[in-house]
Amino acid sequence: MPSFLAISGSLRAASTNTALVEALAANAPPDCAVAVYRGLGDLPIFNPDDEGDRTPGPAAALIDAVTRADGVIVCCPEYAHGVPGGMKNALDWLVSRDAAVGKPAMLAHASPRSLYARAALAEIMRTMSFAMFEAAPLEIALLGRKPPEMAAVLSEDANRRAMRDAVQAFAGFIRANIASSS
Ligand SMILES: Cc1cc2nc3c(=O)[nH]c(=O)nc-3n(C[C@H](O)[C@H](O)[C@H](O)COP(=O)(O)O)c2cc1C
């Protein structure tokens with residue numbers, strides 16, 4: 001069964017992006033497992049001097065979780081037309097390792113805006129050699145909603161189906177990726 005690691009780029013308690021990754025985990029198809037990464041706020045600021053034997057525990061845990069996952073799902077807000085520092089920091093810890101190389105990844109969007117951050121994330125992750133699944137991006141508009149409204153939107157049948165279909169399509173991409181590389 002493919003297992004995915006879903007990362008929200010927001011630390012906000014009432015984050016729309018975290019609500020979306022949690023809903024993806026809850027609505028994954030029965031033959032896929034989605035685990036939500038909770039360590040973004042524990043990562044020290046990336047320093048290339050702290051790699052190898054000196055890798056801090058939280059960074060090692062992230063690297064391990066990405067390595068073990070069959071694919072990574074990133075759902076991230078935009079701050080000032082860019083990728084929030086916390087998310088970029090997490091990606092920086094993965095740069096000079098094998099964890100990201102060829103690792104299937106897809107972006108999911110909780111805002112219909114954030115176009116600069118979407119493009120920047122895709123560029124950063126492609127540069128890191130993630131195998132980006134870009135054919136069928138998932139977008140569920142949660143921007144500006146409070147948790148009860150988010151829960152209502154995320155429990156709508158059409159949105160539950162969209163989440164399930166997105167994870168299923170990503171799993172199909174991974175299967176095709178494995179078949180073409182073997
Ligand atoms: C400091 C800051 C800067 C922001 N800059 C942008 C921006 O440039 N473009 C945009 O579309 N939204 C921007 N937003 C709106 C956020 O993307 C929006 O609040 C989003 O819901 C945050 O994600 P979260 O709900 O997961 O915390 C900004 C929000 C903050 C707090």
Side-chain angles (χ1 to χ4, degrees), residues 3-28 32-46 58-59 61-63 65-66 69 71-95 100 103-128 130 132-167 169-170:
S3 70
F4 304 123
L5 185 71
I7 304 175
S8 164
S10 173
L11 295 177
R12 210 162 62 85
S15 162
T16 54
N17 288 279
T18 303
L20 182 51
V21 292
E22 286 173 349
L24 281 167
N27 290 284
C32 297
V34 176
V36 176
Y37 172 67
R38 307 273 178 196
L40 196 78
D42 301 327
L43 291 168
I45 295 177
F46 174 66
L62 169 67
I63 294 159
V66 170
V72 174
I73 300 171
V74 171
C75 191
C76 185
E78 174 171 297
Y79 288 168
H81 287 186
V83 177
M87 184 72 232
K88 181 65 166 68
N89 186 48
L91 292 170
D92 286 347
W93 278 112
L94 298 167
V95 168
K103 181 69 63 180
M106 77 170 213
L107 304 180
H109 308 292
S111 165
R113 300 183 345 198
S114 314
L115 301 183
Y116 292 95
R118 290 183 193 202
L121 262 179
E123 172 65 17
I124 291 162
M125 293 178 73
R126 276 194 299 265
T127 301
M128 293 171 66
F130 277 99
M132 298 302 291
F133 174 55
E134 297 178 278
L138 175 70
E139 177 183 307
I140 298 184
L142 299 175
L143 181 67
R145 295 187 194 271
K146 304 253 178 301
E149 294 173 276
M150 286 191 254
V153 171
L154 290 166
S155 65
E156 287 170 15
D157 283 348
N159 286 333
R160 293 181 64 187
R161 204 174 318 116
M163 288 185 271
R164 195 187 56 226
D165 290 352
V167 175
F170 187 36

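First listed ligand is number 1; within each ligand, the first listed atom is number 1. Atoms considered below: every heavy atom in the structure, side chains included; atoms not considered: hydrogens, waters and symmetry mates.
- Under the 4.0 Å criterion applied to side-chain N and carboxylate O atoms, Glu123 and Arg126 are assigned as salt-bridge partners.
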Output block, N or O contacts of ligand 1, threshold 3.5 Å exclusive:
{"from": "ligand 1", "atom 1": "5 (N)", "to": "Glu78", "atom 2": "O", "distance (Å)": "3.4"}
{"from": "ligand 1", "atom 1": "5 (N)", "to": "Ala80", "atom 2": "N", "distance (Å)": "2.9"}
{"from": "ligand 1", "atom 1": "8 (O)", "to": "Glu78", "atom 2": "OE2", "distance (Å)": "3.3"}
{"from": "ligand 1", "atom 1": "8 (O)", "to": "Ala80", "atom 2": "N", "distance (Å)": "3.2"}
{"from": "ligand 1", "atom 1": "8 (O)", "to": "His81", "atom 2": "N", "distance (Å)": "2.9"}
{"from": "ligand 1", "atom 1": "9 (N)", "to": "Glu78", "atom 2": "OE2", "distance (Å)": "2.7"}
{"from": "ligand 1", "atom 1": "11 (O)", "to": "Arg113", "atom 2": "NE", "distance (Å)": "3.2"}
{"from": "ligand 1", "atom 1": "11 (O)", "to": "Ser114", "atom 2": "N", "distance (Å)": "3.3"}
{"from": "ligand 1", "atom 1": "12 (N)", "to": "Arg113", "atom 2": "NH2", "distance (Å)": "3.1"}
{"from": "ligand 1", "atom 1": "14 (N)", "to": "Glu78", "atom 2": "O", "distance (Å)": "3.2"}
{"from": "ligand 1", "atom 1": "17 (O)", "to": "Glu78", "atom 2": "O", "distance (Å)": "3.1"}
{"from": "ligand 1", "atom 1": "21 (O)", "to": "Thr16", "atom 2": "OG1", "distance (Å)": "3.4"}
{"from": "ligand 1", "atom 1": "23 (O)", "to": "Asn17", "atom 2": "ND2", "distance (Å)": "3.2"}
{"from": "ligand 1", "atom 1": "25 (O)", "to": "Arg12", "atom 2": "NH2", "distance (Å)": "2.7"}
{"from": "ligand 1", "atom 1": "25 (O)", "to": "Thr16", "atom 2": "N", "distance (Å)": "2.8"}
{"from": "ligand 1", "atom 1": "25 (O)", "to": "Thr16", "atom 2": "OG1", "distance (Å)": "2.7"}
{"from": "ligand 1", "atom 1": "26 (O)", "to": "Ser10", "atom 2": "OG", "distance (Å)": "3.4"}
{"from": "ligand 1", "atom 1": "26 (O)", "to": "Ser15", "atom 2": "OG", "distance (Å)": "2.6"}
{"from": "ligand 1", "atom 1": "26 (O)", "to": "Thr16", "atom 2": "N", "distance (Å)": "3.3"}
{"from": "ligand 1", "atom 1": "26 (O)", "to": "Thr16", "atom 2": "OG1", "distance (Å)": "3.4"}
{"from": "ligand 1", "atom 1": "26 (O)", "to": "Asn17", "atom 2": "N", "distance (Å)": "3.0"}
{"from": "ligand 1", "atom 1": "26 (O)", "to": "Asn17", "atom 2": "ND2", "distance (Å)": "2.7"}
{"from": "ligand 1", "atom 1": "27 (O)", "to": "Ser10", "atom 2": "OG", "distance (Å)": "2.7"}
{"from": "ligand 1", "atom 1": "27 (O)", "to": "Arg12", "atom 2": "NE", "distance (Å)": "2.8"}

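- Judged purely by atom type and a 3.5 angstrom limit, Asn89 uses its side chain to pair as donor or acceptor with the backbone of Pro44.
- A salt bridge is absent between Asp157 and Arg161: the closest approach of a Lys/Arg side-chain nitrogen to an acidic carboxylate oxygen does not fall below 4.0 angstrom.
- Judged by distance alone, the side chain of Glu22 and the main-chain N or O of Ala19 form no donor-acceptor pair under 3.5 Å.
- Using bins of under 30°, 30° to 60° and over 60° for the plane-to-plane angle, the ring pair Phe133/Phe170 lands in the parallel bin.
- Note that CZ of Arg160 and CD1 of Ile140 are 11.5 Å apart. Values are rounded to the nearest 0.5 Å.
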